[in-house]
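Take a look at the structure set out below.
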Amino acid sequence: MPEPDWQRSSYCAEGSSCVHVARPHEDRVLIADSPTPRTTLALSPAAWAVFLGAVRGNGA
């Protein structure tokens with residue numbers, strides 16, 4: 001299985017801990033707090049949308 005292509009949040013300052021996101025398959029979104037994560041959450045696209053809504057302050 002190839003390594004996911006992690007993208008760092010555009011809100012991260014250089015050198016700080018950040019959220020990283022990868023989408024290795026259409027049915028999963030991976031999130032982690034490091035570019036080489038030890039712990040990764042795998043979310044469905046629907047759960048990712050709810051998560052983003054909550055983080056942005058327009059979700060429940």
Side-chain angles (χ1 to χ4, degrees):
M1 180 184 218
E3 188 67 25
D5 182 22
W6 292 100
Q7 302 296 314
R8 189 171 80 156
S9 169
S10 61
Y11 292 98
C12 295
E14 190 63 37
S16 66
S17 295
C18 297
V19 172
H20 290 76
V21 179
R23 191 161 186 176
H25 306 289
E26 289 298 314
D27 65 338
R28 288 288 172 246
V29 177
L30 304 177
I31 59 173
D33 67 353
S34 169
T36 53
R38 294 182 185 195
T39 303
T40 303
L41 298 176
L43 304 173
S44 69
W48 176 243
V50 170
F51 174 80
L52 286 180
V55 169
R56 291 175 177 156
N58 57 6

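Counting from 1, the numbers follow the sequence of the chain as shown. Both backbone and side-chain heavy atoms feed into the values below; hydrogens, waters and symmetry mates do not.
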- Item | Value rounded to 0.5 Å, distance of CG in L41 from CZ in F51 |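 It comes to 8.0 Å.
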- Item | Rounded distance (nearest 0.5 Å) linking atom CD1 of I31 with atom OG1 of T39 |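 The distance works out to 11.5 Å.
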- What residues form a side chain to side chain contact (heavy atoms under 4.5 Å, CB included) with A49, not counting sequence neighbours?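 Here no residue qualifies.
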- Indicate the atoms forming the closest heavy-atom contact of D27 with P45, along with that distance.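 In terms of heavy atoms, the two residues are closest at O-CD, 3.5 Å.
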- Between R28 and R23, which heavy-atom pair has the shortest distance, and what is it?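 Scanning both residues, the minimum pair turns out to be O-CG, 3.3 Å.
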- Message: Just to verify, which of V29, L30, L43 counts as forming a side-chain contact (heavy atoms from CB on, under 4.5 Å) with V21?
- Response: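 Going through V29, L30, L43 one by one, the side-chain contact (heavy atoms from CB on, under 4.5 Å) with V21 is satisfied by V29 alone.
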- Task: Using the test side-chain hydrogen bond (donor to acceptor under 3.5 Å, both in side chains), find all partners of D5 that sit at least two apart in sequence or belong to another chain.
- Result: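 Per chain and number, D5 pairs via side-chain hydrogen bond (donor to acceptor under 3.5 Å, both in side chains) with Q7.
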